[in-house]
Each structure stands twice: as structure tokens, then as C-alpha cells.
Amino acid sequence: MEIFKSHFFLTGLWLALSSLTYGAGPELVSQDTALQYIPKNVAASLEKNQIPKDAISISVMEVESSRPGKLGSKTKLDWRASQAMNPASTMKILTTLSGLDLLGPQYRWRTNVFTDGQISQGTLKGNLYLQGTGDPKLVPEELARMMKNLQDLGIQKIDGNLVFDRSAYAQSVMEAGTIDGESLRAYNVTPDPLLYAFRTLSFQLGKSSTADFIDINYTPALAQFKIQNQLRLTNKTCDNWKKDIHFELTPEAPNSTQAMTATFSGAFPSNCSSAIYNVVAIDANTFLTQGFAAAWELAGGTWVQQPSGKSGTVPITARPLLQFEGSVLSDDVQDINKYSNNVMARQLMLTLALEKMGKPATTENGEIVIQSWLKKVGLSFPELIIENGSGLSRNEVISAAHMNQLLLTARNLPVAETFYNSLPLAGVDGTMKNRLMMQLRKFLHLKKKPEAHIKTGSLADVRAISGYVTSKSGKMYLVTSFINHPNAWKGIEAHDQLLTWLMEDGPEPKQAR
């Protein structure tokens, strides 16, 4: 699974196995047409890693001008490219591209704040109601900005409770459900109209620089939250450091839903300079209540009584205090694609449903909006199955050829560069930061160096790549490849070979022999 990250912390369809062997030719595996082949180094990698040739699909197209102001493409390689495959997180390409085009790069989510009370001499006497619309990046920095906005209204003390209105989403999309049973893992966080900090506690563990003990820090700040550190140092390597760590989260007192203690016990390797332990272990209301309370106190605000936080709807008699706007969609799409943030992608799909079809937003309505958008831009993908828009699914499918059609469509839209720059750049950032490092070095002498802007995807039995490769000669290729097989985790090498081949201007006519 691709585990998400943010700027402040830490983000299959099985196919039948084949006993067929690879062809002996220098480039060709299939003799059907000049386009249906697997490049030599890719085929060798697949064979070495015991991945059958019918477990992979590859589509390569060269971008070219078709008419003034319009880009077209010419197919250069088609290996099972029309086969419906599980794309894992490359499905985020469809979600983010349709989102950018339908909502606009400058779109901002809104979190509305209401009260049923009055402000008197710096004290708000009444409850605060937070009504969410699905801002996927309501993180501590944003919440701190919200606190300042409240203080600018003359509020220094709050004499009331916090009430959370999540009516923007249907209840069904907020219910826990995973494809692997790992409900406490950050990549499995469920959508929430009032999602705060991805509902994830991120602990930073590391050996103290001044003594032989382990420092533990965490983010985001939570009110009434304590850490009990019972870890001991052990003389081991940093490999598999998590297996000796025990974590427990308990209420500080019986029947308490707010004051909590996180206990770490076990052994931590002395050779680990630092490590990150992410966990989703607090219910949404408690997490947001404690986070809001801590942010308010860090801003210098006070409470008459600590809030307990509860679900509810904004009363018709409540008056608006603040319409808080989050970060722009273009920035959020960077996080979704570069770091493969699952819950952000899911919330973007739900936002399409909310904005175009009204509340409560459902995944079914999100799919209707995306399918309508595909029709509007002239695309028809009969095999397409969308479950949640993030690729964290065993059911989502699309073909490699149709994914490349999406990539080509993107080049002809006003959001072309915003989308292009949101994809991870090989050797530089995101999920491609540490890939193709060695291969890129051989191009350092070139004035204009090859680039690969590639969205990656991974599930237990899926590896996927989809994006743009600019070759050493300056040609731009669209490339998508899916591997659906129990050995897919070994397929990264084959995909890197494919990308390297394209940077070298691989698909030349002389090779199709």
C-alpha cells in the first residue's frame, strides 16, 4: 500500500497464470503486429521475477500535433493495452484530472462556523458549530489560522461546547471498511466532512542526543493527551524496528472520552536515529475535539469548561461566525498525486458529488459526475469501474490504453500544466523520489535531460505506473503499465526498465522486427 504523507507529517484484480515462455527474439515477444511486443530488458526482468507476460499490460503513445492548438498521439507499443486491469493508485489520475477541470485549480473547500450564542466582553457565550464540506487538508497549520480568525472576531474565551455537523456526506461513506483489515493504518482513513489531520497521530521516535533514552514527540497537538514512555534501548539494527514496539491508547479515567494516555513499551534499536509511528486510534469526534481545543489554547484562547464535543446539525436559528477557506485544489492535488494520499482522493471524488449533485454526497453520485465528465471530453471507457476514486480497491479497473487517453486529454485541457506538475518526478519527489536514480545519472551530460512524471500505484498484488516521459531527444511519451499478479511487488524493476527504455527513445521502428 502507498502510505500518504503531508507537508507537516506523515499515505487486485488477479489474472490467471500462464505457462507460456517469452519469445527468443531481441525485442519481440508477440509476432502479431509490430506494436505488440515487450521490450527486451522488460521481458527479461519479468521472466527473472516469475511474472507471466499475460499478467502485465503496457501502452506507449507518442504525443504529436494533430492540428493547430491540438495534441494527438501515435501508438508505439500495445501489449494487452485494452485489457481491464486493477490500476491501484494510478486511478487517482482520473479523480484529480476530472476534479481540476470541473472545479478549477483555485477551488477551495469551506468549513463554516456558527454559534447559537453571543460575544460579550471577549467571551463567546454559546456553542460553536463546525459544518464541514470535506476539506481534505484541514491540518494543524490551517486550524491555527482558523483560531486567529475567531480571535479577530473579538473572542478570547469560549463558554460552550463544540458541535460537529457532517451532513455533507452520506453516513455510508464515513463507515469504516478496509480491503486488508488494517483499520488503524493511516492509508485506510475513511472520508469525513470534518477530517482533521487525516485523523492520524504521528509519533516521532528517536534516541536522545543528550542521554541514553528515547525521545517521543507527536503531531498534531491534542488537549488532555499524555505519553507514557516505557521504551528501552536495545543494541539492534534499525530493520523491522516496529516489531518490538508495543502501543496502547487508554482513557485516563474510567468513562472518560477525552483525557487519554498513549503508552509505548518494548525495545527501540539504538542504531535508529529516528522513526515515525503513525496510528489511527481515536474516534473522529474525540480527535477533532482535542485538536481544536489544543489549537485554541496554543493561540492563547481559554475555555470556561473543556469541551466534550458531539455530533449534531446546525440549528436554523444559529448565526454564522466564519466561513473558513482551506488551501487551493491545485496544492491539494499535488499531495494526492505525489504522495498517493488515499483519503484526500476519496474526498475529492465526494466533493464532485457534493458540488454537482448536492448533499449528502455519495460515491455513487461521484461516479456519475466523473462518467459525465468523461462523456463531455469525448471519452468512453466501457470497462471502467470506479469504487472510491483512490485506487485503494480490489474492484476498480481501467485499461492501460484508456489511462493513456486520459493523459493525452490532460495535455489539451486548460489545467494541463497544473496536472502535469502534480505527478511525481523521478529522482526528485513523491513516490518516485528514489526511483531511476542510477539511470538518470547517465544523462547528466545532456543540456536537456530526460524526465519522467509518473503516478505510481501499489496493492498487495498490483504494481502500476502511468504518466509522461520526455526522452533524451525531446519526444514526449504517454506510458501506462499495470501488473496484476501475486509477484507484482517484484515488478518495480520491470517498470523502471520500461521508463529507462523510453528515456532512451525506445520505440523506434527498427526495434519492431
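All residue numbers in this chain count up from 1 along the given sequence. If you're wondering where the values come from, they're calculated on a predicted model, not measured in any experiment.
- Between Leu94 and Trp373, the closest side-chain pair of non-hydrogen atoms falls below 4.5 Å.
- No salt bridge links Arg199 with Asp192; every basic N to acidic carboxylate O contact stays at or beyond 4.0 Å.
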Exercise. Under the side-chain hydrogen bond (donor to acceptor under 3.5 Å, both in side chains) rule, what do Thr363 and Asn388 come out as? Steps first, then yes or no, please.
Key: CA-CA 6 Å; Thr363 52; Asn388 56 46; over 6 Å; no
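- The CG atom of Leu329 sits 8.5 Å away from the OG1 atom of Thr351 when rounded to the nearest 0.5 Å.
- Between Val469 and Ile454, the closest side-chain pair of non-hydrogen atoms falls below 4.5 Å.
- When atom types are taken as modelled, the side chain of Asn127 and the backbone of Asn161 share a donor-acceptor pair closer than 3.5 angstrom.
- When the shell of 6.0 Å around NZ of Lys359 is examined, it contains more than 12 heavy atoms from other residues, nucleotides or ligands.
- In this structure, Glu64 does not pair ionically with Lys70, as no charged nitrogen and carboxylate oxygen lie closer than 4.0 Å.
- Within the 4.5 Å cutoff, side-chain heavy atoms of Thr456 are placed close to those of Arg435.
- A distance of 9.5 Å separates CG of Leu407 from OG1 of Thr90, quoted to the nearest 0.5 Å.
- Using a distance-only test at 3.5 Å, with no hydrogens or angles considered, a donor-acceptor pair links the side chain of Ser393 to the main chain of Asn395.
- Between Tyr129 and Leu321, every side-chain heavy-atom pair lies at or beyond the 4.5 Å cut-off.
- Checking side-chain atoms of Lys433 against main-chain N and O of Gly427 turns up no donor-acceptor pair under 3.5 Å.
- Between the Asn365 side chain and the Ala353 main chain, no donor and acceptor come within less than 3.5 Å of each other.
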side-chain hydrogen bond (donor to acceptor under 3.5 Å, both in side chains) between Asn404 and Thr480, intermediate numbers included
CA-CA 6 Å; Asn404 271 1; Thr480 297; 2.7 Å; yes
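- Using a 4.5 Å heavy-atom cutoff, the side chains of His495 and Leu436 are not in contact.
- Side-chain atoms of Thr95 never come within 3.5 Å of backbone atoms of Lys92 as a donor-acceptor pair (strictly under, hydrogens ignored).
- With a 4.5 Å cut-off on side-chain heavy atoms, Val280 and Phe198 do not count as touching.
- The ring pair (Phe, Tyr, Trp, His ring centres under 6.0 Å) test applied to Phe264 returns Phe203, Phe247, Tyr277, not counting sequence neighbours.
- Between Leu350 and Val173, some side-chain heavy-atom pair lies under the 4.5 Å cut-off.
- Remark: Ile386 CD1 to Phe381 CZ distance equals 10.0 Å, nearest 0.5 Å.
- Residues Met403 and Ser59 have side chains not in contact (no heavy-atom distance under 4.5 Å, counting atoms from C-beta outward).
- Put simply, the side chain of Gln347 gets close to the backbone of Gly134: a donor and an acceptor are under 3.5 Å apart.
- Atom NZ of Lys376 has more than 12 heavy atoms from other residues, nucleotides or ligands within 6.0 Å.
- Within the 3.5 Å criterion, the main-chain N or O of Gly366 finds no donor-acceptor partner in the side chain of Lys356.
- Listed by chain and number, the residues in a side-chain contact (heavy atoms from CB on, under 4.5 Å) with Trp303 are Ile158, Leu162, Phe292, Ala293, Trp296, Glu297, Gln306, Pro307 (sequence neighbours excluded).
- Here the side chain of Glu396 pairs a donor or acceptor atom with the backbone of Glu387 at under 3.5 angstrom.
- Atom CG in Leu150 sits 10.0 Å away from atom OG1 in Thr115 (nearest 0.5 Å).
- Of the possible polar contacts, none joining the Arg110 side chain to the Gln131 backbone as a donor-acceptor pair under 3.5 Å is found.
- In this structure, Asn412 contributes its side chain and Leu71 its backbone to a donor-acceptor pair below 3.5 Å.
- Distance check: Asn337 CG to Leu97 CG gives 9.5 Å after rounding to the nearest 0.5 Å.
- With rounding to the nearest 0.5 Å, the separation of NZ in Lys137 from CG in Asp331 is 6.5 Å.
- A donor-acceptor contact closer than 3.5 angstrom links the side chains of Ser89 and Ser340.
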